[in-house]
Amino acid sequence: MTEADCRSSVVTAPVRTAQADPSGVPLAELDPALLREQRTSIKWTRFPAEVLPLFVAEMDFAVAPEIRAALTARIEASDIGYLDSPGPLARAFADFALNRWGWAVPHDHVHLATDVATGVVESLRVFRPAGGRIAVPTPVYPGFFEMLEEVPFEVVELPLLTSPEPRLDLAAIERAFTEGPGVDAFLLCNPHNPHGLAHRAEDLAELARLAAAHDVFVVSDEIHAPLVFDGEAFAPFAPLAAAAGALSATTTSASKGWNLAGAKCAVIVAADERANEALRRLPPETVTRASILGLHAGVAAFSEGAAWLDRAIAQIEQNEQLLSELVAERLPGVRLTRPRAGYLAWLDFREAGLGDDPCKRILDEARVALNDGRHFGAGGAGHVRLNLACAPDTIRAAVARISAILPHTSKESR
Ligand SMILES: Cc1ncc(COP(=O)(O)O)c(C=O)c1O
């Protein structure tokens, strides 16, 4: 069977309707009770059946037909061996980066890693083998703290500014770079998880200027970048680093944008020739530890998955609007930071009357699993993170359950 034959036999998504997910699957079929029967990932196995799982960053949407076809074609061809290079992924990613963000990526600047977490760790090992101090804006994706346990770094948490809206605290960053022992590296999350914040280009340019001036290596995790909302600008860090002369590498993948976390293939991209020289020293195992299935899934995503991605973003934006309305109506005292990228919502429960550990109360009493803000570092206590990549009814059900345990909620307003 040729790849094309295989593709036509596999692309069986139902006709899309307004009530369908980005693959055309009726939203009613994203009922958590049904998904739990079909899927085996952490989202569906960590908690008992009565718990609504809105914690880990996995989508409920069906994988794009183009990606299913690419994966099936590789399996049909028994092509499940080791990788030796980024191959077609370099071009697919570079074309996507150029079309979507205007970032011109030389193909030989693209290197492979198992996943973005490995991309962060391996970059730090190559660029700063002696370790040192690493600055991290917080609250941030808890996985960062786990990754940084694998390298000899002392973590310097730099809370984001929160008012009037979340933003990098450039004054604090400059102080960290210039005062006392300084820092050796900076871990950027752009767009920033959990706020769904695509950092402003001018802030990133200033970060690049400071990094160049103080010899700070910046590793930029841009895993959520494909999911920037319609009309919102996304500035990749690498071109700004190259312009400022800052040493930087970007690590990203199709895994968040197209929901492929288990496919295990990411890229590390050098910002310029100097960074590329360092990345050529990555251990050869970095390539063989990436998955060939993940690579082909990534190629299909970046080269054929834009329409699916745009539909996913549109659904996430609708869900975010729904959550915002439901929070205002039914969760008194709760404050939503409105995301502009990704599919995660950051909710401040400090005034909601659920005490110091709202995540536990919500799990124990409302039977909704969210992420505990305390794991996101400085500034995270009293907050929870909620996953929006699901059917709107799942969000309605979660808010109804949480509303029912809030002390401020009268029975009538539930
Ligand atoms: C900012 C960020 N980086 C990295 C990851 C993990 O990515 P990977 O599974 O490719 O290591 C996540 C997962 O949610 C994330 O949000």
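Just follow the structure's listing: the first ligand is 1, and inside any ligand the first atom is 1.
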Presence of salt bridge, E122 and R125, under 4.0 angstrom: yes
Cationic N near anionic O, under 4.0 Å, D108 to R91: no
Q321-E325 side chain donor-acceptor pair, cut-off 3.5 Å: yes
Considering only heavy atoms of [X], which atoms of ligand 1 have at least one such atom less than 4.0 Å away?
X    : value
D221 : 1 (C), 2 (C), 3 (N), 4 (C)
I223 : 1 (C), 2 (C), 3 (N), 5 (C), 7 (O), 10 (O), 15 (C)
A57  : 14 (O)
N193 : 15 (C), 16 (O)
C189 : 1 (C)
A117 : 11 (O)

Would you say that [X] contacts [Y] through its side chain, given a criterion of any heavy-atom pair below 4.5 Å between the two side chains?
X    : Y    : result
R385 : L347 : no
F145 : T138 : yes
W346 : P139 : yes

Any H224 heavy atom less than 4.0 Å to ligand 1: yes
For atom 6 (C) of ligand 1, closest protein heavy-atom neighbour: Y141 OH, 3.4 Å
W258/Y343 aromatic ring centres below 6.0 Å: no
Test of ring centre spacing under 6.0 Å for F47 and F55: yes
Heteroatom distance test (K256, ligand 1): nitrogen or oxygen, under 3.5 angstrom: yes
V116 N/O to ligand 1 N/O under 3.5 Å: yes
Structural part of D115 in contact with ligand 1, heavy atom criterion under 4.0 angstrom: both
